[in-house]
Each structure stands twice: as structure tokens, then as C-alpha cells.
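Here the structure comes first, spelled out in C-alpha cells, and everything after it is commentary.
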Amino acid sequence: MQRIFSGIQPSGVPTLGNYLGAIRNWVALQADHECIWCVVDLHAITVWQDPAELARNTREMAATLIACGVDPSKHVLFAQSMVSAHARLAWIFNCVARLGWLNRMTQFKDKAGKDREAASAGLYVYPNLMAADIHAYHATRVPVGDDQKQHLELANDIAEKFNHDYGVEFFPHIEPLILGPAARVMSLRDGSKKMSKSDPSDQSRINLTDDADAIALKIRRAKTDPDPLPGDVSGFEGRPEARNLVGIYAALSGGTAQGVLDEFAGSQFGPFKQKLTDLVVSSITPIGAETSRLLGDVTVLDAALRDGAIRASAIAEPIVSEAERLVGFLKV
Ligand code: AMP
Ligand code: TRP
């Protein structure tokens, strides 16, 4: 059976973008894979996180994943900082990856913004830690949203260079799994930006904890254009907001964008948004309710994470120890 690894940052409340681009696919993959799911708190602190909020967000993210259907008993769920193998392998990869490779990473450029000098060194080497997350488990398949593709290519470059430099076939090639019609959900306020839990505007996203009223208001206010919905997907040209809302509808109804247009061609946004609201509310609100229930008893949640970390360590420890030995670290 192929081993799967994926991670999600506890840098805020997870959004509909996280759900459609990642979490929902994770749940489906559990049926026929061995899966390791990680709340990546080491990655989160590459930008400032208030300590109390980070701890709260880490629990909330774990609870949300379980509420969405991640199974912490059949698979492995834990927080990244609980397993030291990640940081140890990341350091080795910091010494394998080349500055030229990191300079090409578009996420760094986006997140660092205009003032690159003020960005943390951690943000710059973020992709090396991500490569370590995956390779510490010899995982070969990695489900992510479209925005992470470049980081996975880098993870393969790092593995190849490590294998070449140390004359081994140790780290396997990994395959990105970018699934579904909503691998890239865009902001409700600007169809050219991805929906993000760290966007300053709460109106730009649907949080998995939003109630029906909040969802209805955000969809009603979502940016659109004055034209009716097109009859064909080619009509989305120059209309990113229309494409996005139809994509969300398609993903949640289990159909395709063309299938949605077959139903709504020529319709104004008003009635379409009403139907979309009903669909989002019925899909999302049960997740919010279950998340609150799980957060009601953190001792159970913490025990699940602790158990996940023990099982994660049992897999990663021999692999990372062997990498350290290959590098020449003394094992006495
Ligand atoms: P992050 O929120 O950056 O920790 O991302 C966690 C996972 O959600 C990754 O697999 C991302 O690719 C995915 N993801 C984040 N935002 C979006 C989005 N707007 N659309 C689709 N997938 C997303
Ligand atoms: N960088 C990913 C994101 O922001 C999260 C992540 C960290 C990840 N480590 C990973 C995803 C390993 C897949 C595999 O979306």
C-alpha cells in the first residue's frame, strides 16, 4: 500500500478552500491508503503567531480534521512539533537545497511581499521543511491544492540531490495528488487571489466554523459581474469570480462546472447565489457543529494527538536516523 502524507497549517480557522482543495480529498484517500496527517505548527511560525492563539488553532485544526472525517485511529494525526524527526531532517535538507532553487518559489515571494528583508529565515526555507515532512516517512503520494505543486517539485529535487550526493537510492520520488474541480478556490472579494485563512478580510472566505447566517451574507456580498451565467465554460474567460462560484457549486454537488452551467445557463447571479448558499450551508454547518463538540473535551483530543505522535515517530525515527548515518553523523 502506498503511504500518503499531507499537512495543513494551524494559522487560522480552516476555509472552504482548505476543505475542497485538501481535506475532503484526504478523507476519501483513507479508504485505500496508509495516511499520515499533520498539523504543521513549525510551518505556521514562519510568520508571527500569538502563542496562545497558535495552541488554540492547533487543537481547532485537529478537531476540524476529525469533524471532516479524518480518522485518527485507523490513520495517523498529530502536530508537527511533537515529532522531532521533522526538524532534524529539515536541517539536513537546508544543506542539500540550493539558494537558487528557493529563490524561484512563488509562495515565498507572495508571502514575503515587498519587504523581503523583513521576512523570517524560516519563511525562506519553508519548502525544505515541507520536503522533510514527506521524506521522513518515505511517503510517495501527497494530496495538496494547486498552490503547493511547486513545493512538491522542490521536494523531488532535494531527494534526487541527496540520493546523488550520498550515492544511495534512499528517498523515493513523490507524486502530487491535485484532485477535483476545486483544487484552487478563490477569494470571494477578488477572483484573482486564492481563498486564504490568513487574508485580513473575513468576507473573502467561508470558514468551516461559519454559521448559516454568516455564510448567506458572505455569498450574497461575493463579488460578481453584471452578466448572466454563461452556457459554456469558455464563457468564464475574463470572469474569474463567476468561474469560482460555479467551481464551488460543482465541487460540493459532486458534478462538473459544465454540468452546473447546463442547469444555470442564462440565470442571474441572485438565484444562483441562493442555491449556492443552501448547498454550502448544508455541507459546512455540520462540520462546525462537530468541531465544537470535539473541542468541548480537549483531553480526548489531546490524547488522540499524543497517540498519533507516538505512531508517527515510530515510522519517522528509523528513516531519519538512517539519513543522519548516511550523512556521516556519529551514531554511538
Ligand atoms: P494551508 O492553508 O496553506 O495550510 O493549506 C493546506 C491545504 O489546503 C494545502 O493542500 C493547500 O493546497 C490547500 N488549500 C489552501 N487554500 C486553498 C484554496 N484556496 N483552494 C484550494 N486548496 C487550498
Ligand atoms: N505547505 C503546505 C501548505 O501551506 C502545508 C504542508 C506542510 C504540507 N508540510 C506539508 C503539505 C507536507 C503537504 C505535505 O499548504
Side-chain angles (χ1 to χ4, degrees), residues 3-27 29 35-47 49 57-58 60-62 64-65 68 70 78-81 83 86-87 89-90 93 105-108 110-111 122-123 125-137 139-156 158-159 174-199 204-208 240 243-244 247-248 251-252 312 316:
R3 185 175 287 153
I4 287 199
F5 183 98
S6 197
I8 187 162
Q9 298 189 64
S11 48
V13 179
T15 68
L16 185 64
N18 295 128
Y19 181 64
L20 294 177
I23 306 170
R24 200 174 63 146
N25 302 322
W26 296 9
V27 173
L29 288 162
C35 301
I36 300 170
W37 309 126
C38 186
V39 181
V40 292
D41 48 0
L42 301 181
H43 277 108
I45 64 161
T46 57
V47 298
Q49 304 291 328
N57 283 338
T58 301
E60 189 165 319
M61 181 59 77
T64 307
L65 294 175
C68 290
V70 159
F78 67 107
Q80 191 183 26
S81 61
V83 176
H86 293 251
L89 188 58
F93 285 175
M105 295 296 115
T106 57
Q107 183 173 297
F108 175 76
D110 290 347
K111 284 203 181 176
L123 189 65
V125 294
Y126 176 115
N128 299 343
L129 175 60
M130 182 164 161
D133 294 340
I134 302 161
H135 290 305
Y137 298 88
T140 49
R141 313 188 84 192
V142 185
V144 286
D146 186 57
D147 59 323
Q148 296 300 313
K149 212 166 125 189
Q150 195 186 32
H151 288 160
L152 297 184
E153 285 160 10
L154 186 87
N156 276 326
I158 290 175
I174 63 182
E175 185 198 338
L177 299 177
I178 296 168
L179 305 162
R184 194 173 185 85
V185 178
M186 308 312 281
S187 157
L188 299 179
R189 311 299 297 168
D190 176 353
S192 66
K193 267 175 41 187
K194 81 164 182 172
M195 182 181 286
S196 165
K197 49 178 137 64
S198 48
D199 192 297
S204 71
R205 61 177 164 262
I206 290 167
N207 304 311
L208 294 186
R243 180 198 305 273
N244 187 39
I248 293 171
L252 288 175

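Note that the numbering runs from 1 along the sequence shown for the chain. Note: hydrogens, waters and symmetry copies are ignored here, and every other heavy atom, side chains too, is used. One-based numbering, in listed order, for ligands and for the atoms of each.
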Do [X] and [Y] have side chains that get closer than 4.5 Å, going by heavy atoms?
X    : Y    : result
K149 : V144 : no
F78  : I36  : yes
C68  : R24  : no
I206 : V185 : no
V142 : P176 : no

Below 4.0 angstrom from a heavy atom of Q148, which ligand 1 atoms are there? Numbered from 1 as shown, please.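 Reading through ligand 1 atom by atom, the close ones are 12 (O).
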
Numbered atoms and elements of ligand 1 in range of G21, under 4.0 angstrom, heavy atoms: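 Contacts of ligand 1 toward G21, numbered from 1: 21 (C), 22 (N).
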
Say whether, by atom type as modelled, one donor and one acceptor occur between the side chain of [X] and the main chain of [Y] under 3.5 angstrom.
X    : Y    : result
N244 : G191 : no
H43  : L129 : no
N156 : I174 : yes
Q80  : H86  : no
K197 : Q9   : yes
N18  : T15  : yes

Do ligand 2 and [X] have nitrogen or oxygen atoms that lie under 3.5 Å from each other?
X    : result
Q148 : yes
H151 : no
D133 : yes

Check this for me, if you would: do K193 and D199 make a salt bridge, where the nitrogen-to-carboxylate-oxygen distance has to be below 4.0 angstrom?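 D199 and K193: salt-bridged.
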
Plane angle bin for F5 and Y137 - parallel if under 30°, tilted between 30 and 60°, otherwise perpendicular: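 Judged by the thresholds at 30° and 60°, the geometry between Y137 and F5 is parallel.
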
For [atom], which candidate among [options] provides the closest heavy atom?
atom                    : options                : result
atom 23 (C) of ligand 1 : G17, G7, S11           : G17
atom 6 (C) of ligand 2  : G7, A132, A22, S6      : G7
atom 16 (N) of ligand 1 : K197, R205, M195, R184 : M195

May I ask you to check whether [X] has an N/O atom sitting below 3.5 Å from an N/O atom of ligand 1?
X    : value
Q9   : yes
V144 : no
I8   : no
D147 : yes
D146 : no

Which part of I134 is near ligand 2, with near meaning a heavy atom under 4.0 Å away: side chain, backbone, both or neither?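 Contact part for I134 vs ligand 2: side chain (C-beta onward).
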
Within ligand 2, which atoms have a heavy atom of [X] less than 4.0 Å away?
X    : answer
V142 : 13 (C), 14 (C)
V40  : 7 (C), 9 (N)
V144 : 11 (C), 13 (C)
Y126 : 1 (N), 2 (C), 3 (C), 4 (O)
H43  : 7 (C), 9 (N)
Q9   : 4 (O)

Heavy atom of the protein closest to atom 10 (C) of ligand 2 (residue, atom name, distance):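 Its nearest protein heavy-atom neighbour is M130 CG, 3.5 Å.
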
To check your reading of the model: name the closest protein heavy atom to atom 12 (C) of ligand 2, its residue, and the distance in Å.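 I find the closest protein heavy atom is F5 CE2, 3.5 Å.
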
